[in-house]
Amino acid sequence: MLRFAVFVSGGGTNLQALIDAVQEGTINGEIGLVVSNRKAAYGLERARNAGIKAECIKDEDLLIQRLAEEKIDFIVLAGYLAIISERLISLYPNKIMNIHPSLIPSFCGPGYYGIHVHEKVLARGVKVSGATVHFVSEVVDGGPIILQKAVDIVECETAEEIQTKILHEAEHTILPEAVRLYCNGKVKVENERVHIL
Ligand code: GRF
């Protein structure tokens with residue numbers, strides 16, 4: 001059974017979706033560690049409530065040490081706002097997944113995170129947005145795409161409404177599904193493209 005770490009910086013609703021999927025047996029994997037760069041991140045509380053090791057770690061050497069100690073096979077970024085270094089990426093090549101709240105390659109890259117993504121989406125007036133799970137590479141939001149889900153946002157009048165709809169209708173579904181597939185050995189990367197077996 002693969003062991004994975006989840007990195008959070010905020011409320012952790014995506015983390016909660018992963019915790020629930022593991023507890024229901026949908027994900028055949030184990031959350032070995034939850035890490036945040038912010039001590040106050042509610043995601044840490046969610047992990048503790050589920051009996052999962054939860055640590056605020058800001059130093060990269062300590063982070064790498066803890067990942068090794070916990071025998072972590074892969075990492076999931078679920079609303080993690082600190083930079084992932086090339087060093088960490090090289091230690092976990094195509095083994096770090098990220099959930100981004102838009103349909104990459106739209107509305108992504110430097111500066112596009114959290115509510116800012118949805119503010120740009122609203123301003124542009126697009127009718128459909130969504131979420132993407134992708135592997136992390138040296139290019140921000142540029143790694144191989146694993147899963148995507150589109151969401152109709154025509155009725156949404158604020159960035160917050162868009163954010164909520166995409167969280168509930170896309171993110172909380174495709175992130176656990178991507179982890180489930182990965183734990184079952186169904187995710188293969190060839191020439192920077194992901195094939196679901
Ligand atoms: C989500 O919108 C995710 O797409 C983005 O950060 C937010 C995290 O939300 N990367 P939560 O902390 O999982 O509720």
Side-chain angles (χ1 to χ4, degrees), residues 4-23 26-27 31 33-50 52 54-57 74-84 88-89 92 96-124 126 128-137 139-153 156 158-180 182:
F4 61 102
V6 184
F7 292 9
V8 298
S9 293
T13 65
N14 276 296
L15 166 64
Q16 191 63 56
L18 293 170
I19 289 170
D20 296 346
V22 169
Q23 288 179 344
T26 309
I27 290 177
I31 303 176
L33 181 64
V34 171
V35 171
S36 180
N37 60 316
R38 293 184 55 241
K39 200 172 180 60
Y42 187 64
L44 292 176
E45 193 65 26
R46 290 182 188 271
R48 292 182 186 115
N49 291 341
I52 298 168
E55 299 169 17
C56 175
I57 303 177
F74 68 100
I75 297 165
V76 179
L77 309 182
Y80 187 64
L81 296 181
I83 298 296
I84 297 293
L88 192 58
I89 293 169
Y92 292 90
I96 305 175
M97 292 185 193
N98 181 49
I99 175 89
H100 181 76
S102 76
L103 295 174
I104 289 175
S106 298
F107 304 102
C108 67
Y112 284 88
Y113 59 90
I115 193 70
H116 302 303
V117 173
H118 309 296
E119 289 166 347
K120 301 280 189 187
V121 162
L122 185 69
R124 186 64 184 82
V126 298
V128 174
S129 190
T132 302
V133 183
H134 64 94
F135 284 118
V136 171
S137 70
V139 177
V140 176
D141 296 333
I145 291 170
I146 303 167
L147 292 178
Q148 295 189 295
K149 190 165 193 283
V151 176
D152 181 318
I153 58 166
C156 297
T158 66
E160 288 72 17
E161 280 179 37
I162 296 171
Q163 180 174 53
T164 301
K165 194 165 196 219
I166 288 174
L167 269 170
H168 292 157
E169 295 186 13
E171 299 184 44
H172 296 166
T173 303
I174 63 172
L175 187 57
E177 177 60 6
V179 171
R180 183 188 72 81
Y182 189 89

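Counting starts at 1 for both ligands and their atoms, in listed order. Just so you know, these numbers use all the heavy atoms, side chains as well, and skip hydrogens, waters and symmetry mates.
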Trainee: Specify the closest pair of heavy atoms between Val34 and Gly43, including all atoms of both residues, with the distance to one decimal.
Mentor: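 Closest approach of Val34 to Gly43: CG1-O, 4.4 Å.
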
Trainee: For ligand 1 and Thr13, I'd like to know whether there is a polar contact (N/O to N/O, distance under 3.5 Å).
Mentor: yes

Trainee: At their closest point, which heavy atom of Pro176 faces which heavy atom of Leu18, and how far apart are they?
Mentor: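 The answer is CA-CD2, 3.8 Å.
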
Trainee: Can you confirm whether Lys120 is buried at NZ, in the sense that more than 12 heavy atoms of other residues, nucleotides or ligands lie under 6.0 Å from that atom?
Mentor: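 Atom NZ in Lys120 is not packed in, count stays at 12 or less.
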
Trainee: Can you report which non-hydrogen protein atom sits closest to atom 6 (O) of ligand 1, along with the distance?
Mentor: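 Answer for atom 6 (O) of ligand 1: Gly79 CA, 3.4 Å.
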
Trainee: Of all the atoms in ligand 1, which lie at a distance below 4.0 Å from a heavy atom belonging to Glu171?
Mentor: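 Numbered from 1, ligand 1 contributes 1 (C), 2 (O), 3 (C), 4 (O).
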
Trainee: Below 4.0 Å from any atom of ligand 1, is there a heavy atom belonging to Gly12?
Mentor: yes

Trainee: Does any N or O atom in Asn14 lie less than 3.5 angstrom from one in ligand 1, N or O only?
Mentor: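 Yes.
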
Trainee: Could a heavy atom of Gly11 be found less than 4.0 Å from some atom of ligand 1?
Mentor: yes

Trainee: Ligand 1 and His118, any nitrogen or oxygen pair closer than 3.5 angstrom?
Mentor: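 The answer is no, given that His118 and ligand 1 share no N or O pair closer than 3.5 Å.
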
Trainee: So, the side chain of His100 versus the backbone of Phe107: is there a donor-acceptor pair under 3.5 Å, distance only?
Mentor: yes

Trainee: Within a radius of less than 6.0 Å around OH of Tyr42, do more than 12 heavy atoms belonging to other residues, nucleotides or ligands occur?
Mentor: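 For Tyr42, atom OH is crowded (more than 12 foreign heavy atoms under 6.0 Å).
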
Trainee: Does Ser36 reach the main-chain N or O of Ala41 with its side chain, forming a donor-acceptor pair under 3.5 Å?
Mentor: no

Trainee: Is it true that Ile99 lies under 4.0 Å from ligand 1, counting heavy atoms only?
Mentor: yes

